[in-house]
Amino acid sequence: MDVGQMQRQWIDYAKSLFLEGFLDGQFLQLQQLQDENNPDFVVEVVSLFFEDSERLLKDLTFALDQNGVDFKKVDAHVHQLKGSSSSIGAQRVKNACIAFRNFCEEQNTDACLRCLQQVKQEYCLVKNKLETLFRLEQQIVAAGGSIPTELSFSG
């Protein structure tokens with residue numbers, strides 16, 4: 001596959017992530033902050049999101065597994081996860097966190113457990129999708145190409 005084909009594949013894949021709601025405009029803003037002085041900016045920021053999210057999901061699982069659930073603590077973890085997912089544009093994770101916080105307010109343990117599963121699922125999906133996107137980027141760069149900087153949604 002030549003570089004042009006790989007770049008088109010990258011563009012189509014990236015567009016699909018937006019069209020399917022995995023990512024929102026915040027991810028595009030993140031990409032605009034990346035330049036030749038900081039070529040790994042997006043990968044580094046997203047890697048921090050992965051680390052942070054996995055810690056928070058572990059903490060949430062533990063907090064909801066306790067006999068007397070501390071809903072303030074659960075809500076604080078969900079709020080943090082919502083913020084970090086929002087900052088990289090992980091729209092579906094953010095939206096799942098919004099529903100999760102509503103159930104924290106109601107102190108509904110069963111609903112919170114269901115939301116935790118939903119958040120974990122959305123997190124795993126977006127993580128796999130972003131890892132695939134980054135692999136495509138590595139292949140383009142290894143072949144001597146550059147990552148397309150403009151994603152247009154008009155066609």
Side-chain angles (χ1 to χ4, degrees), residues 8-35 38-140 147-155:
R8 282 188 295 281
Q9 183 183 13
W10 182 91
I11 289 169
D12 289 345
Y13 189 76
K15 279 186 183 180
S16 75
L17 297 182
F18 289 91
L19 296 174
E20 293 169 27
F22 287 105
L23 298 175
D24 63 22
Q26 186 61 37
F27 186 78
L28 293 175
Q29 289 183 352
L30 205 57
Q31 285 185 308
Q32 289 168 356
L33 296 173
Q34 181 167 293
D35 57 23
N38 201 351
D40 298 324
F41 179 74
V42 175
V43 171
E44 288 169 8
V45 170
V46 170
S47 294
L48 289 173
F49 165 71
F50 291 159
E51 287 172 26
D52 207 30
S53 297
E54 285 172 29
R55 179 184 52 79
L56 288 166
L57 289 169
K58 205 176 295 173
D59 291 348
L60 280 165
T61 302
F62 181 78
L64 285 169
D65 203 31
Q66 301 307 302
N67 275 337
V69 174
D70 181 347
F71 285 99
K72 276 193 173 22
K73 186 182 280 186
V74 171
D75 186 60
H77 291 322
V78 176
H79 181 69
Q80 203 175 346
L81 184 57
K82 178 181 160 250
S84 60
S85 59
S86 180
S87 71
I88 69 141
Q91 181 172 257
R92 285 169 47 166
V93 175
K94 178 189 76 177
N95 290 343
C97 286
I98 291 169
F100 199 154
R101 290 195 72 198
N102 292 335
F103 290 119
C104 284
E105 256 178 54
E106 295 172 14
Q107 301 196 355
N108 183 334
T109 305
D110 289 339
C112 283
L113 286 166
R114 283 194 304 276
C115 283
L116 176 60
Q117 292 313 309
Q118 180 70 31
V119 168
K120 282 181 178 179
Q121 182 181 345
E122 292 298 346
Y123 167 73
C124 287
L125 285 169
V126 79
K127 183 177 187 208
N128 289 334
K129 302 274 185 188
L130 286 168
E131 286 173 341
T132 299
L133 188 71
F134 296 150
R135 262 194 310 279
L136 290 170
E137 289 179 5
Q138 288 172 336
Q139 291 168 358
I140 291 168
I147 309 306
T149 53
E150 291 300 314
L151 279 178
S152 70
F153 290 91
S154 60

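FYI, side chains are in, hydrogens and waters are out, and symmetry mates aren't considered; it's all heavy atoms of this structure. These numbers come from a predicted model, not from an experiment.
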Run the side-chain hydrogen bond (donor to acceptor under 3.5 Å, both in side chains) check on Lys120 and Thr61 step by step: do they pass? CA-CA 10 Å; Lys120 282 181 178 179; Thr61 302; 3.0 Å; yes
Hey, what do you get for [atom1] ([X]) to [atom2] ([Y]), rounding to the nearest 0.5 Å?
X      : Y      : atom1 : atom2 : result
Asn95  : Lys82  : CG    : NZ    : 9.5 Å
Cys112 : Asn102 : SG    : CG    : 10.0 Å
Ile11  : Leu136 : CD1   : CG    : 11.5 Å
Asp70  : Gln107 : CG    : CD    : 9.0 Å
Leu33  : Asn38  : CG    : CG    : 9.0 Å
Phe100 : Arg114 : CZ    : CZ    : 11.5 Å

Determine whether a donor-acceptor pair (N or O, by modelled atom type, separation under 3.5 Å) exists between the side chain of [X] and the backbone of [Y].
X      : Y     : result
Gln91  : Phe22 : no
Glu122 : Arg92 : no
Gln66  : Phe62 : yes
Ser87  : Ser84 : yes
Asp75  : Phe71 : no

Pair Gln121, Gln117 - check side-chain hydrogen bond (donor to acceptor under 3.5 Å, both in side chains), show working. CA-CA 6 Å; Gln121 182 181 345; Gln117 292 313 309; over 6 Å; no
Which is it for Lys94 and Asp24 under the side-chain contact (heavy atoms from CB on, under 4.5 Å) test, yes or no, and what are the steps along the way? CA-CA 10 Å; Lys94 178 189 76 177; Asp24 63 22; 3.9 Å; yes
Apply the side chain to side chain contact (heavy atoms under 4.5 Å, CB included) test between Val46 and each candidate in Val43, Leu48, Val42; give the one that qualifies.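 Of all the options given, the one that passes is Val42.
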Taking the side chain as everything from C-beta on, heavy atoms only, tell me whether [X] gets closer than 4.5 Å to [Y].
X      : Y      : answer
Leu130 : Phe50  : yes
Gln31  : Ile147 : no
Gln138 : Phe134 : no
Tyr123 : Leu81  : no
Val126 : Phe27  : no

Search all heavy atoms of [X] against all heavy atoms of [Y] and return the closest pair with its distance.
X      : Y      : result
Asp40  : Gln34  : C-OE1, 3.9 Å
Phe49  : Ala90  : CZ-CB, 4.2 Å
Ser86  : Gln26  : O-CG, 3.1 Å
Cys115 : Phe103 : SG-CD1, 3.4 Å
Cys97  : Val119 : N-CG2, 4.1 Å

Does Arg55 come within less than 4.0 Å of Asp52, counting only side-chain N to carboxylate O?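 Yes, charged N to carboxylate O under 4.0 Å.
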Take Phe41 and Leu30 through the side-chain contact (heavy atoms from CB on, under 4.5 Å) test and state the conclusion after the steps. CA-CA 8 Å; Phe41 179 74; Leu30 205 57; 3.8 Å; yes
Is it true that atom OH of Tyr13 has more than 12 heavy atoms of other residues, nucleotides or ligands lying nearer than 6.0 Å?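 Yes, the 6.0 Å shell around OH holds more than 12 heavy atoms from other groups.
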